Asks: 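Here it is, the structure in full.
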Amino acid sequence: MGGAPDVNHALRVAPEVEAALCDGRAVVALETAVLTHGLPRTPMAAPAGIEGWEASLPANLALSVLLESTVRAAGAVPATVGMLDGRLHVGLTRDELGRLGHDTAARKLSTRDLGAAAAQRASGGTTVAATLAACGAAGIRVFATGGIGGVHRGWTDRPDVSADLAMLARTPVAVISAGAKSILDLPATVEALDALGIPVVGLGTAHFPRFLSPGDESLGVSARAADAAEVARICQAHWAFAPSVGVLVANPPPAGAAIPAAEIESVIEAAMAEAVLTGVRGAAITPFLLERVQRATGGRTVATNVAVLAANARAGAEVANMRRASFSEFPPKPGK
Ligand code: PSU
Ligand code: MN
């Protein structure tokens, strides 16, 4: 028959995720653009300091499997979001992750692409923006990723701004990240977050991290939290004042895995120049730059990317666990 799928067909929340949400247990959403368009599809050795890496799997799939087990080990239920044959899944089985990870036709889906992909029964990995749309629909409040999209370098010539920012501005979810991707114009991205009213909460830091590198004095956060419990309290209080606005939680890369910013800056600049020369733009620019940087650093940035993603998954689970406790604390009851 064809025709547009109904809403029940279009969104499927996995039974385990639905049960956890109903019971008020901790749930952490995970994205899949990093599975379909982020990491290489060839196996790689376990990155230093990473436990439980399945080295026989393609690296992209090994990563998604690792993030789910990291969330579980920290006491929360993972809800990996992705589209399979036109259905937006919130919670994927390992087989489903494998299908998406091997599908060379998988699309990179931002929020605006979801409707067309659903109607056309397509499959794809969800960006931060599209994963936020799924969180909003399913009622998930915590989401862990690597680095969000933002304002691209060269925005004065071509105003390329990721929909990740617009979705954060209208979805009440705490996104645990290592800031925004280093391939971006980070000062412009920080200004855009401010303009959109999105709090940036530094987890144990006052500096805005640079994804693969720690931050420095040049870029700050809007609030510093000592630990996951304080992040949760800040989020709950924020949602009392701005109930529809997301929070960017900025967790610096683990010290052992971080790469000094100066070491990758020239690689990023060369990749940017190549993108301009070859006319790569739009949704293709982020995967292009990530791939070029990975190649130029001999896989060193991939290992750091994995360490960052795993650290954020763990921090996300901690925030999700704390959120339940802090929920009843705010707003304080009269007389207490
Ligand atoms: N960070 C990574 N790898 C990725 C991405 C971020 O290390 O693949 C993805 C995220 O899904 C993010 C998207 O939402 O890139 C941003 O793409 P764009 O700039 O086209 O909005
Ligand atoms: Mn873009």
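Ligands are counted one by one from 1 in listed order, and the atoms in each one are counted from 1 as well. Predicted model, so just to flag it, every value in this text is computed and none were measured.
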Asks: State, yes or no, whether a side-chain contact exists between Leu66 and Val306 at a heavy-atom distance under 4.5 Å.
Replies: yes
Asks: Between Asp164 and ligand 1, is there a nitrogen or oxygen pair with a distance under 3.5 Å?
Replies: yes
Asks: With a 3.5 Å distance limit and no angle check, can you tell me whether Thr126 reaches the backbone of Val81 through a side-chain donor-acceptor pair?
Replies: yes
Asks: Under 4.0 Å from ligand 1, counting heavy atoms only, is it the side chain of Leu290, its backbone, both or neither?
Replies: side chain
Asks: Can you find an N/O atom of His37 closer than 3.5 Å to an N/O atom of ligand 1?
Replies: no
Asks: Out of all atoms in ligand 1, which are within 4.0 Å of some heavy atom of Gly147? Include the element for each.
Replies: 1 (N), 6 (C)
Asks: What atom name does the N, O or S atom of Asp160 nearest to the Mn ion (ligand 2) carry?
Replies: OD1
Asks: If you have a sec, work out which protein heavy atom is nearest atom 18 (P) of ligand 1 and how many Å separate them, to one decimal?
Replies: Lys108 NZ, 3.6 Å
Asks: Distance to 0.1 Å, residue and atom name: give those for the protein heavy atom nearest to atom 21 (O) of ligand 1.
Replies: Ser162 OG, 2.6 Å
Asks: Counting distance only, does the side-chain N/O of Ser162 pair as donor-acceptor with the main-chain N or O of Asp164 below 3.5 Å?
Replies: yes
Asks: How does Asp160 reach ligand 1, by side chain, by backbone, by both or by neither, if only non-hydrogen atoms under 4.0 Å count?
Replies: neither
Asks: Apply the test side-chain contact (heavy atoms from CB on, under 4.5 Å) to residues His152 and Asp185: give CA-CA distance (whole Å), side-chain angles for both, the deciding distance (0.1 Å), then the verdict.
Replies: CA-CA 5 Å; His152 280 263; Asp185 182 333; over 6 Å; no
Asks: Ignoring hydrogens and geometry, is there a side-chain-to-backbone donor-acceptor pair from Glu31 to Ala33 under 3.5 Å?
Replies: yes
Asks: For atom 10 (C) of ligand 1, what is the closest protein heavy atom, and at what distance to 0.1 Å?
Replies: Glu31 OE2, 3.5 Å
Asks: Checking contacts here: is it the side chain or the backbone of Thr286 that comes within 4.0 Å of ligand 1, counting heavy atoms only? Could be both or neither.
Replies: side chain
Asks: Is there a nitrogen or oxygen of Thr127 sitting under 3.5 Å from a nitrogen or oxygen of ligand 1?
Replies: no
Asks: Could you tell me the residue and atom name of the protein heavy atom closest to atom 15 (O) of ligand 1, and the distance to it rounded to 0.1 Å?
Replies: Lys181 NZ, 3.2 Å
Asks: Could you tell me, atom by atom, which parts of ligand 1 come under 4.0 Å of a heavy atom of Asn305?
Replies: 7 (O)
Asks: Evaluate side-chain contact (heavy atoms from CB on, under 4.5 Å) for Val27 paired with Val142, printing each intermediate quantity in order.
Replies: CA-CA 7 Å; Val27 174; Val142 181; over 6 Å; no
Asks: Starting from atom 7 (O) of ligand 1, what is the nearest protein heavy atom, named by residue and atom, and what distance separates them?
Replies: Phe211 CZ, 3.0 Å
Asks: Would you please test Leu309 and Val34 for side-chain contact (heavy atoms from CB on, under 4.5 Å) and show each step?
Replies: CA-CA 10 Å; Leu309 283 151; Val34 70; 4.0 Å; yes
Asks: Hey, mind stepping through Asp160 and Trp155 against side-chain contact (heavy atoms from CB on, under 4.5 Å) and telling me if it holds?
Replies: CA-CA 6 Å; Asp160 184 349; Trp155 58 271; over 6 Å; no
Asks: Return yes if some donor-acceptor pair links the side-chain N/O of Arg314 with the main-chain N/O of Val71 below 3.5 Å, else return no.
Replies: no
Asks: With a cutoff of 4.0 Å, is Ser110 in contact with ligand 1, counting heavy atoms of the residue only?
Replies: no
Asks: Among Leu63, Thr297, Leu39, exactly one meets side chain to side chain contact (heavy atoms under 4.5 Å, CB included) together with Val302. Which residue is that?
Replies: Leu39
Asks: Hey, is Gly38 one of the residues with a heavy atom under 4.0 angstrom from ligand 1?
Replies: yes
